[in-house]
**Student:** 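A single structure is presented below for examination.
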Amino acid sequence: MNMVGRRTPSWKWYLASLALLLPAVAPAQVPAPAAVPPVAATPAVSTTKVLTFKDLGLYGPAKLRGVEGIMGLPLGVPLDRVVTAAKLRLHLTYSPAMLPELSHIRVQLNGQVLAAIPLPKEEAGKEVTREVVLDPRYFTDYNQLRFDLIGHYTLECEDTQHTSLWASISDRSELELTTQALDLKPDLALLPAPFFDRRDNRRLELPVVLPASAPLDLVRSAGVVTSWFGALADYRSARFPVSVDALPARHALLFATNQHQPKGLAPTVFKQPTLAVLDHPADRSIKLLLVAGADEAQLRQAAEALVLGQGVLSGPWANVTKADAGPRRAAYDAPRWLRTDRPVKLGELVEGLDQLQVSGHAPAPIRVNLRMPPDLLTWNRPGVPIDLRYRYTAPAERDNSLLSVSINNQLVKAFRLAPDQTSGSASELLVPLLADQSIQDKDGFLIPAFQIGANNQMQFQFAIEYHKRGLCSGVFTDITRAAIDPESTIDLTPFPHYTAMPNLALFANAGYPFTKFADLAETAVVLPAAAGARDYEALFFLLGRMGRSTGVPALRYELVGPADAAKLGDYDLLLLGGGAKDDLLAKWGHELGLLLQPGSRQFLSPQFAGFFQDDPLRRGDLPRHESELGFATRGPLGAVIGFESPLQKGRSVVAISATDTAAAGNVLDTLEDEGKVPYVRGDLAVVRGGEVRSYQGEPVYYVGDLSWWMRLWFHLSRYPLLLTTLGILAGVLLALWFYAALRRAAAARLEG
């Protein structure tokens, strides 16, 4: 059981805490910051949360078959919580052919058997609900729930893989956890916990506390920190609700300078960039991460030191003596993007090599996430080359055993698994591994370019046929193993960076063009003149989402107001809060597909953006706006708009525009919803309630690096008739040149 934080602090720690909390009376040489006045510790409050199996990572219903009917689910308990009660609520269906007196489902937690669920005959074949109480003493920081089907269909000799041995557990099944907060000692060494805990696979919701009338430089530093937390949260996603001059009743981030400090923080004079973990005044189990400095420049140093040097921090506070972010990053070097300068090994794309191994005759698929630079030009290429190596326990004879390879749940290739060292002509068989029946094969294939996007998942599904020699013969059923060799590679080196813009699909999926530089070196975010908490929340969410895509905090982005945007011609611009009469979108939007203003909207009715329009060859031929419409209305409406920057050609602008805060929230929800993101494309995505509709009407421009001859060939390929005419003309001219050359040669021979 997780018992972190239960030891009673020593008297020395109390004195140190007193010095931290009461700086007015602390000795001058103590550089620790002040915090809110201490209060008596409040008793820990229990909270109950319900997690579905889908929340725990189950992809659809779990199917348990035969004697290898096993399903496992990972579960983490946050560092600052301890489990006091737990209950499983299973929704399951099982075969009516199984014998109830011999069949059951065994429930294990971290290897400890906690329950056996009977399977009565009268409820077979229909979904039933079973509740199982789990002993909280067996929970640790990282846990594994396991379900085993023990099934029998006859009292005589039976086939352990008979089709009647099955059960299905729905992904709607639930785990109800009651936890109690632990009083953790304030310590920077725990970072990023408890503000972000890798054990918790739910969406990160981390409040940000800002002072009233916060200057842009202070908000910018808060954005650097939230982008870091967004990168840490990764697949969980992250939201950062903003609180102005109020401490929320949960773990939160605080940002302060000597001139601008949020209420709830005792007035403090900071002399150096400072990082500290503080107790919440109302509940010591709640922690506050303070990032502070004497001015905005020192605050920026503190924020950069936090995201770059968190691994060496310890103690309740730290003063930053040096913070140098180093040189700016090169383009396309995001750690979470596949490299394009060399083939990438699949072993580099997983956290542990055990993720590339499976066991059993029909195991769960091996999944490898592939994040690619979104602007790769796959034109005139058959696909992305994969050099695949795999190992498996050889089947007893030649049969239908297969390895199926899919990308984004679309079948790409299937390979037959040979029973011995004589594989098919399509494979090159390598030497056997060790002295067992495992063999290794090697195959090369291409992933079709049209099946690949910015975020992809490759699935490797092994299916090794089971052979029964006789009804009562003994057979081992758990020795089958298979693995994808970590030396397998994917090669993006043939693909240049070149794409048609504007394309909101690239922004929605990967934050492009801003994430071209992982640290957002050439990105400027423009906030409205009267920015508020909702604008800041949108800023932090988008920066966190870009950090999620790249794995790098946004150390080099610029944050400005509308008056300073004209100075940033050589930047890609992200406009937030569009919708006021005097904002930049109104100034630049005379030809945009949609322009929202208080009480009115102008719609130029561009072409509907279908999925085919991701083809850079076809987008340039799309018609522009079909009709112009105007409305006077106050209904909620939000939009994401993309267009070429009016400040400099080749630069892009993406604007988040909405009629009110609720509509702006709907836009953020759309960008966070993986089911709706694929519908954000073209240059205009209109969000109305839960519906997303995209359009294409802006002039197309191209960005990236392409050699002049390939650029010429790429653009001419849009006009096949012209190419045919030019080819015929070139052939005629070449024939005339050869004819003239031969005539001159013949004349020279006659004269000689």
Side-chain angles (χ1 to χ4, degrees), residues 192 195-196 202-210 214 216 218-244 248 250-253 255 303 307 336 454-455 504 506-512 514-515 518-520 523-528 531-555 557-559 572-579 638-642 654-658 660-677 680 685 687 690 692:
F195 309 98
F196 164 73
R202 297 174 300 168
R203 181 178 76 175
L204 173 64
E205 293 190 10
L206 181 58
V208 176
V209 181
L210 299 176
L216 286 180
L218 186 149
V219 177
R220 183 198 177 280
S221 295
V224 171
V225 177
T226 55
S227 71
W228 176 60
F229 276 103
L232 293 174
D234 196 12
Y235 68 90
R236 303 168 183 85
S237 189
R239 298 296 284 264
F240 304 94
V242 173
S243 178
V244 177
R250 58 190 304 177
H251 302 312
L253 307 177
F255 296 87
V307 303
R336 289 182 181 163
N455 298 323
L504 293 178
L506 306 185
F507 169 74
N509 285 280
Y512 187 86
F514 311 109
T515 50
D519 54 6
L520 307 191
T523 293
V525 183
V526 183
L527 289 177
R534 294 290 297 194
D535 299 303
Y536 300 148
E537 183 176 344
L539 168 69
F540 299 152
F541 165 74
L542 293 172
L543 291 175
R545 187 165 178 83
M546 293 179 198
R548 168 189 176 182
S549 176
T550 62
V552 174
L555 289 169
Y557 81 102
E558 298 293 336
L559 184 65
D572 294 308
L573 301 180
L574 177 60
L575 273 58
L576 300 181
V640 186
I641 306 170
V654 174
I656 308 295
S657 182
D660 52 37
T661 56
N666 289 338
V667 174
L668 301 187
D669 293 340
T670 297
L671 294 175
E672 188 180 26
D673 189 337
E674 299 302 330
K676 295 179 180 177
V677 163
V680 179
V687 180
V692 182

**Student:** Which residue is it: Leu210, Val209, Thr226? I am looking for the one with a side chain to side chain contact (heavy atoms under 4.5 Å, CB included) to Val242.
**Tutor:** Leu210
**Student:** Looking only at non-hydrogen atoms, find the nearest pair between Arg239 and Phe541 and report the distance.
**Tutor:** CD-CD1, 3.3 Å
**Student:** How far does OG1 of Thr523 sit from CG of Leu559, to the nearest 0.5 angstrom?
**Tutor:** 12.0 Å
**Student:** Assess whether a salt bridge exists between Arg236 and Glu674, defined as any Lys/Arg side-chain N lying under 4.0 Å from an Asp/Glu carboxylate O.
**Tutor:** no
**Student:** Between Asp234 and Arg336 (salt bridge meaning N to carboxylate O under 4.0 Å), is one present in this structure?
**Tutor:** yes
**Student:** Which atom names give the shortest non-hydrogen contact between Leu543 and Ala554, and what distance separates them?
**Tutor:** CD2-CB, 4.2 Å
**Student:** Give me each pair satisfying side-chain hydrogen bond (donor to acceptor under 3.5 Å, both in side chains) with a member in residues 534-544, each pair once, sequence neighbours excluded.
**Tutor:** none
**Student:** Quick one: do Val525 and Glu558 satisfy side chain to side chain contact (heavy atoms under 4.5 Å, CB included)? Show the steps, please.
**Tutor:** CA-CA 6 Å; Val525 183; Glu558 298 293 336; over 6 Å; no
**Student:** Please report the shortest heavy-atom distance between Val680 and Ala685, naming the atom on each side.
**Tutor:** CG1-CB, 3.8 Å
**Student:** Apply the side chain to side chain contact (heavy atoms under 4.5 Å, CB included) test between Leu574 and each candidate in Val526, Val654, Leu539; give the one that qualifies.
**Tutor:** Val654
**Student:** Between atom CZ of Arg548 and atom CG of Leu542, what is the distance when rounded to the nearest 0.5 Å?
**Tutor:** 12.5 Å
**Student:** Would you say the side chain of Thr550 lies within less than 4.5 Å of the side chain of Phe514, judging by non-hydrogen atoms?
**Tutor:** no
**Student:** One pair to check against side chain to side chain contact (heavy atoms under 4.5 Å, CB included): Trp228 and Val552. What are the steps and the verdict?
**Tutor:** CA-CA 7 Å; Trp228 176 60; Val552 174; over 6 Å; no
**Student:** List the residues meeting side-chain contact (heavy atoms from CB on, under 4.5 Å) with Pro207, not counting sequence neighbours, and say none if there are none.
**Tutor:** Pro241, Pro248, Arg250, Ala252
**Student:** For Tyr557, is the NZ or CZ atom of Arg220 found under 6.0 angstrom from the centre of its six-membered ring and inside 45 degrees of the ring axis?
**Tutor:** yes
**Student:** For the residue pair Ile641 and Leu504, what are the closest heavy atoms and their distance?
**Tutor:** C-CD2, 4.1 Å
**Student:** Please determine whether side chain to side chain contact (heavy atoms under 4.5 Å, CB included) holds for the pair Leu575 and Leu527, giving the CA-CA distance in whole Å, both sets of side-chain angles, and the decisive distance to 0.1 Å.
**Tutor:** CA-CA 6 Å; Leu575 273 58; Leu527 289 177; over 6 Å; no
**Student:** Residues two or more places apart in sequence or in another chain: which of them pass salt bridge (charged side-chain N to carboxylate O under 4.0 Å, His left out) with Arg203?
**Tutor:** Glu205, Glu672
**Student:** Taking side chain as C-beta onward, heavy atoms only, is Phe229 less than 4.5 Å from Phe196?
**Tutor:** yes
**Student:** Which residues pass the side-chain contact (heavy atoms from CB on, under 4.5 Å) test with Asn509, sequence neighbours left out?
**Tutor:** Ala454, Asn455, Ala505, Val677
**Student:** Could you pull out the closest heavy-atom pair between Ala538 and Leu668, with the gap in Å?
**Tutor:** CA-CD1, 3.7 Å
**Student:** So which heavy atom on Ser221 is nearest to which on Phe255, and how close?
**Tutor:** O-CE2, 4.1 Å
**Student:** Under the side chain to side chain contact (heavy atoms under 4.5 Å, CB included) criterion, do Val208 and Phe540 qualify, and how do the steps go?
**Tutor:** CA-CA 9 Å; Val208 176; Phe540 299 152; 3.9 Å; yes
**Student:** Using side-chain contact (heavy atoms from CB on, under 4.5 Å) as the criterion, list what pairs up with Ser549, not counting sequence neighbours.
**Tutor:** Trp337, Ala510
**Student:** Run the side-chain contact (heavy atoms from CB on, under 4.5 Å) test against Ala214 and tell me which residues pass, sequence neighbours left out.
**Tutor:** Pro211, Leu218, Val219
